[in-house]
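The block underneath contains the structure these notes are about, expressed in structure tokens.
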Amino acid sequence: MKKAQSRSVVVIVHVKKIKPRNNMRTHYCGNVDEKITNEQVALCGWVHKVRNLGGLVFIDLRDRAGIVQVVVDPEQAEAFTVAEKLHNEYVIKITGQVIARPDNMINPDMATGKIEVLASDVELLSRAKPLPLQVSDYQEVSEEHRLKYRYIDLRRPEMNKNIQLRHYVAQELRSYLNENGFLEIETPMLTRSTPEGARDYLVPSRNYKGSFYALPQSPQQFKQLLMMSGFDRYYQIVRCFRDEDLRADRQPEFTQLDIETSFLDEKTIQDLMEEMMRSLFRKTLQVELPKPFPRISYQEAMQRYGSDRPDLRIPLELIDVADEVVNSEFRLFAEKAKDDKARVAAMRVPNGVKLSRKEIDNYTVFVAKYGAKGLAWIKVLDLDQGMAGIKSPIAKFFNSNQMEVLLAKVKAENEDIIFFVADDFKIVSESLGALRCKIGEDLGLIGEKWAPLWVVDFPMFYQLSDGSWTFHHHPFTSPTELDPQKLLADPGASLSKGYDMVMNGSELGGGSVRIHDPELQFAVFQVLGIDAEEAKREFGHLLEALNYGCPPHAGIAFGLDRIVMIMAGATSIRDVIAFPKTTSASCPLTSAPATVATAQLQELGIKLVEE
RNA sequence: GGAGCGGUAGUUCAGUUUGGUUAGAACGCCGGCCUGUCACGCCGGAGGUCGCGGGUUCGACCCCCGUCCGCUCCGCCA
């Protein structure tokens with residue numbers, strides 16, 4: 001089992017050295033360095049580790065800035081008596097002199113390893129019982145345990161750094177937006193449920209028994225209303241709530257950087273947001289992101305990468321081969337190649353011949369999760385030998401000419417393995433798209449890179465199996481077709497003015513140009529099967545507002561947790577949230593959710609039903 | 001809603017294949033020794049509801065059924 005903590009990526013955060021404001025100390029432990037050699041310092045912190053050599057005690061003292069080694073010599077009798085009795089995680093204050101370590105005692109693995117602090121006084125501020133998890137240990141701890149004792153878990157330097165990084169990220173984002181004329185405006189947490197979208201978290205009303213507030217899934221409608229109020233550049237770092245099943249990159253409450261602008265076209269807002277990300281990466285990670293970000297259409301993303309959030313770090317692509325297999329004896333391929341709704345695609349993996357039969361079988365199981373009924377493959381051993389130079393269970397269905405054409409199409413080289421899936425368009429794209437990421441990871445093709453891009457030109461609507469239409473982004477997104485009659489006549493033909501910012505395979509944010517014409521908004525609702533009456537009931541406030549002078553407006557929302565996760569090199573957003581929930585939306589620390597007193601329920605007019 | 005993996009000492013794990021004496025290790029903890037360690041070292045010691053419930057069996061950490069919890073994924077998440 002994969003343990004939750006990711007410790008692999010070392011994030012170099014550009015952190016200003018801050019003077020502690022507490023009167024008990026003069027410096028942070030992690031900031032003590034050779035520049036202040038021979039100075040007297042007072043430090044406060046937690047005992048990270050004690051090494052008692054009998055006649056000499058070493059203390060690794062830790063605070064949020066880092067760790068420094070303190071030496072206590074028996075000549076300082078009082079200090080030594082206290083030091084001898086120290087244990088891990090005791091909170092102490094020490095005063096002493098910063099001294100250079102002799103050359104042979106420098107610790108190159110430690111940021112403060114060139115110096116140490118010779119203690120003249122050690123003061124015990126708080127004892128600690130043996131801990132349920134070890135802060136200084138190299139052992140991984142189960143995530144449930146970490147969450148139960150999160151306040152201790154957060155002491156671990158890796159976690160502490162993540163939370164600090166999160167602060168700097170939020171600070172830089174705010175600072176960029178402030179400099180660009182954005183106003184930070186708050187919106188309600190107690191609002192109303194809307195029929196579309198995710199399941200709501202509900203809050204019962206005491207004053208209106210039987211009625212409920214909903215916690216916001218996003219401030220979408222409020223930020224649009226703020227545009228109508230004339231605030232023209234708005235942002236907010238805001239908590240959002242969706243009661244859906246969780247994932248490594250999904251929490252029931254998550255933080256969005258929510259942005260909306262008036263009088264900007266989509267290109268301008270995208271440029272502004274790109275620059276915000278470049279500025280953020282430059283200032284916090286000292287990484288320069290490309291300018292401009294590459295921009296690809298949804299269609300192209302699905303064709304080439306099998307995903308609407310492609311990881312461009314992976315040098316593998318999907319290649320359509322319907323024309324090359326349509327005349328083969330492989331009936332499945334030939335059938336799908338003739339079917340308009342189907343797709344036959346290949347993915348060439350350089351050096352893939354080394355994959356064992358078992359590994360290929362595992363990939364077959366892997367793609368089955370996405371609906372693929374099989375995974376065909378060809379190993380290219382030696383192109384010069386023709387059919388004799390390949391190894392494949394499906395080779396027998398191809399004559400040598402067909403095989404040659406097929407291999408030419410995928411630009412096969414010796415040592416390649418080529419995978420194939422033939423099925424409905426969605427299944428082929430998604431399964432090979434997922435396999436692309438899986439193999440990229442397994443074969444170590446990814447590396448430490450940053451690959452941002454925009455995905456644009458999403459379809460406005462897509463059709464469900466029952467024939468009804470649903471939206472791709474949200475129902476306030478403007479279609480490219482601005483004529484309501486034409487939109488209604490052929491909903492599937494229109495693209496949306498939506499855009500997603502994607503980095504390293506994660507969707508960091510998504511937004512759109514919004515509808516500001518009430519007629520068009522009604523038409524979109526109509527396509528979605530929301531009649532005028534329901535639209536007025538559920539969205540009346542917004543529809544009415546469109547009639548009182550509404551500027552053209554466009555916006556975007558970023559997942560702050562995901563941005564920080566990707567920057568921290570973490571594999572779960574839980575590692576960048578101070579107090580996250582488990583995958584069943586519970587909190588082992590507080591035991592939330594919990595039952596409440598019957599009296600509380602009565603006050604709210606709520607009666608529980610037996611299952 | 002579904003699938004997979006996991007749950008054994010304070011912590012991380014081994015032991016389960018093929019049921020059989022007293023359930024082991026490392027770290028941590030307790031006691032002792034130790035003046036240059038930095039995952040300090042050495043000697044000794046304590047510590048277990050094998051997630052929970054039921055079943056099979058002479059006998060269950062181990063096999064079977066159910067259940068709870070955690071993680072990952074599919075569905076879901078505009």
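So you know, we letter chains A, B, ... as the sequences are listed, proteins then strands, and number each from 1.
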Rounding to an integer number of angstrom, what distance separates [N] and [M] when you compare their [atom1] atoms?
| N | M | atom1 | answer |
| --- | --- | --- | --- |
| B/G2 | B/G20 | C1' | 39 Å |
| B/G44 | B/U56 | P | 47 Å |
| B/G28 | B/G48 | C1' | 16 Å |
| B/U16 | B/U72 | P | 28 Å |
| B/A14 | B/G7 | C1' | 15 Å |
| B/A26 | B/G19 | P | 29 Å |
| B/U67 | B/A25 | P | 37 Å |
| B/A23 | B/U18 | P | 24 Å |

Can you tell me which nucleotide in [options] comes closest to the side chain of [X]?
| X | options | value |
| --- | --- | --- |
| A/Met110 | B/C73, B/C38, B/C77 | B/C38 |
| A/Gln69 | B/C73, B/G36, B/G70 | B/G36 |
| A/Lys369 | B/C77, B/C73, B/G70 | B/C73 |
| A/Ser572 | B/U72, B/G70, B/G10 | B/U72 |

Might you point out which heavy atoms bring A/Arg62 and A/Ile67 nearest each other, and give the distance in Å?
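Smallest interatomic distance, heavy atoms only, reads CG-CG1, 3.7 Å.
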Closest heavy-atom pair, A/Ala100 versus A/Ile115, reported as atoms and distance to 0.1 Å, is CA-CG2, 4.1 Å
Along nucleotides 27-35 of chain B, 5' to 3', which nucleotides get a B, which get an S, and which get a -, given that the test is a protein heavy-atom distance under 4.0 Å?
BSSS---BB
Just to confirm, is there a sub-4.0 Å distance from OP1 or OP2 of [N] to any side-chain nitrogen or oxygen of [X]?
| X | N | value |
| --- | --- | --- |
| A/Arg51 | B/C40 | yes |
| A/Ser584 | B/G70 | yes |
| A/Thr571 | B/C71 | no |
| A/Thr582 | B/G70 | yes |
| A/Arg574 | B/U72 | yes |

With sequence neighbours excluded, tell me which residues meet salt bridge (Lys or Arg N to Asp or Glu O under 4.0 Å) with A/Arg155.
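Only A/Glu89 meet the salt bridge (Lys or Arg N to Asp or Glu O under 4.0 Å) criterion with A/Arg155.
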Going by salt bridge (Lys or Arg N to Asp or Glu O under 4.0 Å), name the residues that satisfy it together with A/Lys373, two or more places apart in sequence or in a different chain.
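If we apply the salt bridge (Lys or Arg N to Asp or Glu O under 4.0 Å) test to A/Lys373, skipping adjacent residues, the hits are A/Asp423.
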Given RNA chain B, 5'-ward residue of the pair A/Pro102 and A/Glu430, judged by closest heavy atom:
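Going by which nucleotide is closer to the 5' end, it is A/Pro102.
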By nearest heavy atom, map A/Thr583 and A/Tyr462 onto RNA chain B; which one lands nearer the 5' end?
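Comparing both residues, the 5'-ward one is A/Thr583.
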Relative to each other, are the rings of A/Tyr149 and A/His145 parallel, tilted or perpendicular (30° and 60° limits)?
tilted
What is the distance from [atom1] of [X] to [atom2] of [N], rounded to the nearest Å?
| X | N | atom1 | atom2 | value |
| --- | --- | --- | --- | --- |
| A/Phe58 | B/G41 | CZ | C1' | 13 Å |
| A/Arg146 | B/G10 | CZ | P | 21 Å |
| A/Lys148 | B/G7 | NZ | P | 19 Å |
| A/Leu147 | B/C69 | CG | P | 15 Å |
| A/Lys426 | B/C74 | NZ | C1' | 11 Å |
| A/Ile427 | B/C74 | CD1 | P | 15 Å |
| A/Asn362 | B/C5 | CG | C1' | 14 Å |

Just to be sure I understand the rule, does [X] reach a base, reach only the sugar-phosphate, or reach nothing, if contact means heavy atoms closer than 4.0 Å?
| X | answer |
| --- | --- |
| A/Thr470 | nothing |
| A/Phe476 | nothing |
| A/Gln220 | base |
| A/Pro475 | base |

Distance-only donor-acceptor test, [X] side-chain atoms vs [N] base atoms, 3.5 Å:
| X | N | answer |
| --- | --- | --- |
| A/Glu116 | B/G36 | yes |
| A/Arg242 | B/C77 | no |
| A/Arg247 | B/G75 | yes |

Tell me which donor-acceptor pairs under 3.5 Å the side chains of residues 53-60 of chain A have, and how far apart each pair is, sequence neighbours excluded?
from: A/Asp60; atom 1: OD1; to: A/Arg51; atom 2: NH2; distance (Å): 3.0
from: A/Asp60; atom 1: OD2; to: A/Arg51; atom 2: NH1; distance (Å): 3.0

Check A/Arg242 with A/Glu253, please: is the shortest side-chain N to carboxylate O separation under 4.0 Å?
no
For residues 72-80 of chain A, run the donor-acceptor check on the side chains, cut-off 3.5 Å, and write out each pair with its distance to 0.1 Å, sequence neighbours left out.
from: A/Asp73; atom 1: OD1; to: A/Glu75; atom 2: N; distance (Å): 3.0

Both distances under 3.5 Å, Watson-Crick or G-U wobble: report the partner of [N], or none.
| N | answer |
| --- | --- |
| B/G70 | B/C5 |
| B/U37 | none |
| B/C63 | B/G55 |

Acceptor/donor pairs from residues 491-499 of chain A side chains to any protein atom, 3.5 angstrom cut, sequence neighbours excluded:
from: A/Ser494; atom 1: OG; to: A/Thr480; atom 2: N; distance (Å): 3.4
from: A/Ser494; atom 1: OG; to: A/Thr480; atom 2: OG1; distance (Å): 3.3
from: A/Ser494; atom 1: OG; to: A/Glu481; atom 2: N; distance (Å): 3.2
from: A/Ser496; atom 1: OG; to: A/Gly498; atom 2: N; distance (Å): 3.1
from: A/Tyr499; atom 1: OH; to: A/Ser512; atom 2: N; distance (Å): 3.4
from: A/Tyr499; atom 1: OH; to: A/Ser512; atom 2: O; distance (Å): 3.3
from: A/Tyr499; atom 1: OH; to: A/Gly555; atom 2: O; distance (Å): 2.9

Just wondering, do A/Val524 and A/Ser478 contact through their side chains at under 4.5 Å, heavy atoms?
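No - every pair of side-chain heavy atoms lies 4.5 Å or more apart.
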